[in-house]
Amino acid sequence: MEKTLKKVDIIFEIDKSCSPLAVLDRTLQRPADEIILDLIDSGLKGRGGAGFPTGLKWKFTRNETSDVKYVICNADEGEPGTFKDREILDRVPEKIFVGMTICAYVIGAREGYIYMRGEYNFLLKSLQKKLDDFNAMLTEKGVDFQIYFKSGSGAYVCGEESALFESMEGKRGEPRNKPPYPTVAGYNNKPTVINNVETLVYTTMICHMGPERFKELGTTDSRGSKVFSVSGDTPIPGIYELELGMPLQDFINEFGDGDAKAIQVGGASGHCVPRKKFSDTIIGFEGIPTGGSMMVFNSSRSMYNVLHDYLEFFTEESCGQCTPCRVGCQQLLKGIEAVKKGDKPPAYLNDLKKLTATMKIAAKCGLGQSVGNPFNSIVDNFKEEIIY
Amino acid sequence: MSKYQVNLKINNMPIAVEEGTTILEAARKLNFRIPTLCHHPDLSVAGNCRVCVVEVKGAKLLAASCATPVSEGMEVLTNSEKVRIARKHIVELLLSEHNADCTKCFKNGHCELQEIASEYRIGEHVFLDLVRPESKIQDISSPAIIKDDSKCIRCQRCVRTCEEIQGVAALGVINKGDQQRISTFLNKPLNEVVCTNCGQCINRCPTGALTERNYIEEVWNAIYDPSKFVVVQTAPATRVALGEDLDIDPGARVTGKMVSALKKLGFNKVLDTDFAADLTIMEEGTELLTRLKKALVDKDETVRLPMMTSCSPGWIKFQEHMFSDMLDNLSTCKSPQQMFGAVAKTYYADKINIKAQDMIVVSIMPCTAKKFECERPEMRDSGYQDVDYVLTTRELAMMIKQAGIDFNKLEEEHYDSILGESTGAAVIFGATGGVMEAALRTAYEIVTGREVPFTNLNIQPVRGMEGVKEATIKIKNVKPEWAFLEGVDLNVAIAHGLGNARFLMDKVNRGETNYHFIEIMGCPGGCLGGGGQPIPTSPEIRQKRANAIYSEDEHMTIRKSHENPEITEIYKQFLGQPLSHLSHELLHTHYKPRKRY
Amino acid sequence: MSTTQLMVKDLVKRNGRTRNSLMPVLQGIVQEENFLSEEAMLSVAEELDISVAEVYSTASFYTFLDTVPRGKNIIRVCKTITCHMKGKDEIINALSNALKIKVGETTSDKQFTLLTANCLGWCHKGPVMLINDDIYPDLTVEKALDIIGAYSQKPK
Ligand SMILES: Cc1cc2nc3c(=O)[nH]c(=O)nc-3n(C[C@H](O)[C@H](O)[C@H](O)COP(=O)(O)O)c2cc1C
Ligand code: SF4
Ligand code: SF4
Ligand code: SF4
Ligand code: SF4
Ligand code: FES
Ligand code: FES
């Protein structure tokens with residue numbers, strides 16, 4: 001099912017006839033199981049990167065027996081090149097609150113948290129006010145659920161769900177062993193739904209417009225639309241909500257500056273697609289999944305610098321606990337420097353590529369597992385630039 | 001509660017194990033060994049080193065076998081191509097960060113990293129050397145422990161030990177990413193933080209990053225110095241563990257061989273800390289009875305109960321830091337090692353006609369905190385430093401090897417006399433509950449004139465590896481002079497490992513207890529699990545050592561401290577009686593509050 | 001009791017005496033004092049009754065929980081790829097020259113600390129910098145210098 005680029009307006013849509021609160025009122029009248037079925041039917045997958053079916057996540061958590069459960073909104077947005085959650089938080093926070101409240105109703109939670117990166121603290125003042133109003137409204141309606149803000153303090157890895165729980169528990173943001181998964185033991189070791197900001201807004205909107213309309217968008221594997229953060233060498237950087245399933249060529253026709261040589265899809269931990277592969281690369285879970293970041297590089301850019309920046313980022317932002325990632329990142333970074341300087345032969349890049357294969361399968365969390373994505377896609381497609 | 005059985009296959013061999021078992025445990029049942037580094041049987045699961053990865057059919061990622069529970073129908077491969085490549089990479093990565101100068105390393109030959117590296121025959125180094133020059137600066141501030149970051153693989157075993165077992169948390173992981181490492185509060189030297197010198201972190205460090213400060217050269221120098229008279233004392237728990245470092249299985253009693261080896265090393269006299277343990281019982285038992293009398297009869301409000309034992313210097317420093325308002329509860333008795341030192345350089349020196357300044361007292365201890373203890377300013381009551389050098393059980397094993405002694409073939413020999421005679425009561429000091437049992441054997445008999453009412457003198461309720469133990473002994477038909485104790489229920493408690501100690505102290509602090517006497521040992525299992533004992537350690541190994549200690553006790557002809565003839569002699573000839581003026585001067589001490597955080 | 005200790009007491013009172021409140025307490029201290037002093041960490045340990053090594057261990061994980069003294073205004077210039085492409089080096093150089101400090105340093109009057117940061121989430125408007133909690137996107141050298149100028153005018 002080939003799609004073409006199509007802009008849509010769901011996330012930021014302001015429907016005068018039906019406010020988020022009206023959606024909430026209506027949805028809380030429905031049986032929880034029906035809401036789950038709708039979400040499953042809609043095909044909505046998590047927008048935070050891992051792409052887990054949201055309906056199933058809620059269902060698993062609902063099925064756990066526990067007096068205490070939590071809903072957490074992941075607003076840590078630290079992936080380089082990603083800034084859409086900030087915009088959502090700023091423009092349509094009620095839709096997030098409503099999504100969380102519906103989730104709480106479905107799974108049986110009384111507390112919800114929004115873990116927002118410290119870099120976005122400037123949003124807090126106005127958001128806190130809106131949240132206070134929302135909480136008061138819930139109390140008034142007799143809904144036994146309250147939402148609180150938690151701030152990060154500058155650690156990318158805290159966007160990883162289990163690291164985020166650790167951080168909320170006052171600890172270092174070191175990812176945990178899995179299993180157990182958050183649906184069983186998350187924050188405070190209680191069953192927890194953790195969803196990305198955008199995911200939660202889509203749940204609100206699916207409750208609003210029904211799964212059918214959502215399903216009309218996208219492809220079998222990638223239902224619906226998604227918010228993209230577009231940056232780099234583009235005349236029109238910014239935030240765009242696009243239907244999933246388009247070929248990258250369509251995207252670049254719209255957003256490129258005419259000279260694009262590569263697009264980094266999915267942020268630093270994503271894949272770099274060179275110009276020659278634009279037309280057969282699909283944006284979606286069947287092609288290249290993405291948290292929504294699109295960084296465009298034109299022919300004036302050194303892909304060595306790009307890779308170097310990414311590796312420096314991971315070297316600094318790795319939590320440092322597991323060997324493949326802590327040491328692996330340093331080896332990759334120092335390794336390309338050595339090749340560039342001629343201290344190591346070009347063939348050393350093959351040793352490093354093998355190392356990324358180990359990191360991919362042996363690192364403890366998604367951070368270390370995905371460093372190989374940018375490394376291999378850049379080294380494979382721009383080898384000359386890395387060596388000389 | 002019986003658990004469900006889970007069926008799985010490991011390397012194509014079927015096995016059924018209880019739900020919740022890890023892949024690692026299941027593999028061990030089938031005798032497949034999977035290498036591990038961050039895993040330790042005493043600690044929570046970390047899953048950070050990743051050397052234990054295995055392949056699970058159908059899964060995209062390798063699983064850390066130490067951290068992954070089995071599931072129904074799982075098919076595991078512990079040595080597939082993927083696994084081997086990954087494991088080798090991981091070891092190479094660890095080595096690239098590692099200052100691998102094994103020949104200069106104290107852990108050479110006892111190092112888990114070295115073992116894995118040699119198993120995988122990591123020859124040519126593929127990756128770049130990442131060792132930071134500044135990491136090679138060792139922390140040598142503590143008299144007991146040396147910390148060398150350039151040898152650290154960040155397995156966090158030390159951090160978990162210090163927090164989970166010891167409840168101290170002097171060590172922590174700091175920074176993130178490539179800057180991550182193990183350190184203290186604001187990177188202060190170990191002697192400026194709340195570290196108790198217990199050495200439990202050393203026992204669980206897989207590499208040479210944490211080791212004891214060793215005094216082997218100093219002791220050799222003393223032995224070779226003709227102007228010095230070098231006496232050595234051996235702590236109770238050393239004799240049931242030394243063999244482990246000399247190719248003997250855990251749980252062997254090697255007392256006679258150890259004595260023989262020490263004589264061959266050239267010590268002038270080989271004496272026994274156990275003698276001083278008996279002395280401790282006389283002093284401490286009397287102190288307890290005196291405190292009870294003051295509290296119960298004289299209604300003296302300044303007397304603090306429960307009284308707490310003071311033999312374990314790790315525990316003492318812990319108490320000075322964490323519960324400094326309870327220092328008056330501590331018995332004023334010095335530890336047996338220090339009683340020995342003080343008596344050796346006075347009474348004993350006189351007896352054998354050696355000037356105290358020419359005498360060197362060396363201790364063989366299961367403990368690293370004793371290295372700190374012997375340097376405390378309070379421990380110079382003979383007019384000199386009472387104990388000059390403390391060697392761990394491990395250091396002694398090294399000296400024996402250096403001297404080319406074939407330990408296994410040694411004849412058993414006896415301790416020299418005097419200060420070499422001891423009792424079963426002294427030997428059990430090495431196990432948790434042992435001091436309590438020894439004290440009860442003596443105190444009960446003093447008060448009632450009869451032996452403790454337990455079969456074969458074995459006071460079972462105070463034995464065993466439970467973290468906190470409690471017991472009550474009813475005192476009946478007392479001698480006239482102890483009439484105030486008639487019918488009294490003597491309540492005692494025992495804790496081992498500082499985490500358990502903290503738990504018990506909090507309870508006492510909250511006023512939830514009515515104990516009269518508490519025994520605390522700083523290390524898990526008591527001294528037999530001390531920070532200076534052979535590595536590795538595990539619950540099983542400690543149990544074997546405990547069994548050996550109790551069997552040593554049963555094999556002694558004298559099993560009560562007050563019946564040790566050398567003890568009778570020293571009181572007759574020198575000290576007078578327990579708690580005499582001279583006793584106070586030589587055998588008792590005081591404590592100082594330290595900062596809690 | 002010192003002002004720091006009083007502040008910590010108050011923060012703990014507001015956030016709760018549990019480990020879970022460690023982050024908000026530390027964040028609160030940094031708001032007030034720009035960094036976590038030895039005294040501050042010690043009082044946190046005391047108030048929450050956890051080891052001070054654990055306080056330090058946690059704090060040192062987070063870039064924004066500084067444990068070395070910082071100036072009143074902490075400038076963090078994004079150094080990640082898009083901002084790199086759009087000229088973060090020029091911004092850093094200009095600020096560094098204007099303030100006469102290198103990255104990582106604090107001016108002698110303790111007014112400014114110059115740091116770099118990883119992606120701040122404004123890549124479409126790079127280069128960007130954060131000063132304390134405030135964000136400044138679409139920077140040019142002139143703009144950056146003006147902004148710093150405005151901060152130095154502000155009453156101390
Ligand atoms: C290193 C790392 C960073 C992550 N950062 C974020 C993030 O900033 N925001 C987010 O929503 N998910 C992030 N994730 C994914 C989360 O772990 C988790 O999958 C997600 O929050 C689940 O929500 P979703 O199902 O709605 O996508 C990150 C994952 C990793 C491994
Ligand atoms: S992969 Fe990296 S970030 Fe994840 S647990 Fe390992 S070291 Fe930490
Ligand atoms: S720690 Fe182990 S591997 Fe490292 S130098 Fe010492 S013996 Fe060798
Ligand atoms: S010696 Fe004991 S108290 Fe000190 S760091 Fe090691 S485990 Fe902690
Ligand atoms: S010091 Fe030893 S136990 Fe601690 S992390 Fe390093 S290697 Fe592991
Ligand atoms: S032993 Fe399993 S991860 Fe370290
Ligand atoms: S790269 Fe600078 S804000 Fe994202």
Side-chain angles (χ1 to χ4, degrees), chain A residues 77-87 117-125 150-158 166-174 187-188 229-234 236-239 264 267-268 293 295-297 300-301 305-306 308-310 312-313 316-317 319-320, chain C residues 15-31 36 44 48 50 54-66 74 76 78-86 88-89 115-126 128-138:
Chain A
E77 192 165 61
E79 186 69 49
T82 314
F83 40 87
K84 45 113 188 162
D85 290 342
R86 172 177 50 69
E87 195 84 3
R117 66 187 310 212
E119 289 83 343
Y120 293 169
N121 276 351
F122 61 91
L123 287 173
L124 261 184
K125 227 188 227 152
K150 289 265 175 187
S151 282
S153 268
Y156 161 68
V157 68
C158 287
E166 291 286 303
S167 179
M168 282 179 56
E169 292 173 20
K171 301 183 201 138
R172 299 165 56 78
E174 293 182 356
Y187 178 49
N188 289 337
S229 312
V230 184
S231 66
D233 294 316
T234 161
I236 44 168
I239 286 156
Q264 179 76 16
S293 155
M295 278 185 266
V296 185
F297 305 111
S300 73
R301 305 297 175 189
N305 283 351
V306 172
H308 193 274
D309 265 27
Y310 289 161
E312 203 174 80
F313 174 81
E316 288 174 12
E317 293 295 338
C319 83
Chain C
N15 290 287
R17 194 174 296 274
T18 66
R19 177 73 190 242
N20 282 22
S21 53
L22 181 58
M23 289 289 286
V25 169
L26 295 178
Q27 287 161 345
I29 299 170
V30 172
Q31 279 287 330
L36 299 167
V44 172
L48 298 181
I50 56 179
E54 284 186 55
V55 175
Y56 177 60
S57 160
T58 302
S60 68
F61 187 86
Y62 296 94
T63 312
F64 288 6
L65 299 178
D66 281 307
I74 304 178
R76 298 175 201 270
C78 172
K79 65 168 183 181
T80 309
I81 187 67
T82 0
C83 292
H84 191 173
M85 287 158 51
K86 306 284 175 184
K88 59 101 179 161
D89 284 336
L115 300 172
T116 56
N118 285 322
C119 182
L120 294 171
W122 288 86
C123 325
H124 56 323
K125 291 175 188 282
V128 301
M129 67 179 173
L130 205 55
I131 301 183
N132 307 328
D133 276 349
D134 294 318
I135 191 81
Y136 297 93
D138 285 325

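In what follows, chains carry the letters A, B, and so on, assigned in the order in which the sequence lines appear, proteins first and then strands, with residues in each chain numbered from 1. Reckoned from all heavy atoms, side chains included, excluding hydrogens, waters and symmetry mates. Given the structure is predicted, the values throughout are model-derived calculations rather than measurements.
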Among [options], single out the residue with the greatest number of heavy-atom pairs under 4.5 Å to chain C.
{"options": "A/Ser229, A/Ser151, A/Ala155", "value": "A/Ser151"}
{"options": "A/Gly173, A/Ala268, A/Gly78, A/Cys319", "value": "A/Gly173"}
{"options": "A/Gly232, A/Gly238, A/Ser153, A/Cys158", "value": "A/Ser153"}
{"options": "A/Met168, A/Arg117, A/Glu174, A/Gln264", "value": "A/Arg117"}
{"options": "A/Thr82, A/Thr234, A/Val230, A/Asp233", "value": "A/Asp233"}
{"options": "A/Lys171, A/Lys150, A/Lys84", "value": "A/Lys171"}

- Message: Could you check whether any side-chain heavy atom of C/Tyr62 comes within less than 4.5 Å of a side-chain heavy atom of A/Ser167, counting everything from C-beta outward?
- Response: yes
- Message: Using the rule given for side chain to side chain contact (heavy atoms under 4.5 Å, CB included), can you reason through A/Phe297 versus C/Met85, listing the C-alpha separation, both sets of side-chain angles and the distance that settles it, and then say yes or no?
- Response: CA-CA 9 Å; A/Phe297 305 111; C/Met85 287 158 51; 3.3 Å; yes
- Query: Checking heavy atoms, do the side chain of C/Lys86, its backbone, both or neither come under 4.5 Å from chain A?
  - Reply: side chain
- Could you look at C/Leu130 and say if it's the side chain, the backbone, both or neither that has a heavy atom under 4.5 Å from chain A? side chain
- Query: Stepwise, does the side chain to side chain contact (heavy atoms under 4.5 Å, CB included) test hold for A/Asn188 with C/Asn20?
  - Reply: CA-CA 9 Å; A/Asn188 289 337; C/Asn20 282 22; 3.0 Å; yes
- Can you say whether the rings of C/His124 and A/Phe83 are parallel (under 30°), tilted (30 to 60°) or perpendicular (over 60°)? parallel
- Non-hydrogen atoms of A/Tyr120 and C/Leu120 that approach each other most closely: CE2-O, 3.5 Å
- What is the minimum heavy-atom distance between A/Gly170 and C/Met23, and which atoms define it? CA-CG, 4.1 Å
- Item | Residues C/Cys119, A/Glu79; criterion side chain to side chain contact (heavy atoms under 4.5 Å, CB included); working and verdict | CA-CA 7 Å; C/Cys119 182; A/Glu79 186 69 49; over 6 Å; no
- Query: Between A/Glu169 and C/Leu22, is there a donor-acceptor pair closer than 3.5 Å when you use the side chain of the first and the backbone of the second?
  - Reply: no
- Note on the structure: The interface call for A/Val296 against chain C, heavy-atom contacts under 4.5 Å, is backbone
Supply the atom-to-atom distance [X] [atom1] to [Y] [atom2], rounded to the nearest 0.5 angstrom.
{"X": "A/Glu316", "Y": "C/Thr116", "atom1": "CD", "atom2": "OG1", "answer": "7.0 Å"}
{"X": "A/Lys125", "Y": "C/Asp133", "atom1": "NZ", "atom2": "CG", "answer": "9.5 Å"}
{"X": "C/Ile81", "Y": "A/Asn305", "atom1": "CD1", "atom2": "CG", "answer": "6.5 Å"}
{"X": "C/Lys79", "Y": "A/Glu312", "atom1": "NZ", "atom2": "CD", "answer": "4.5 Å"}

- Item | Chi angles and distances behind the side chain to side chain contact (heavy atoms under 4.5 Å, CB included) call for A/Met295, C/Cys123 | CA-CA 9 Å; A/Met295 278 185 266; C/Cys123 325; 6.0 Å; no
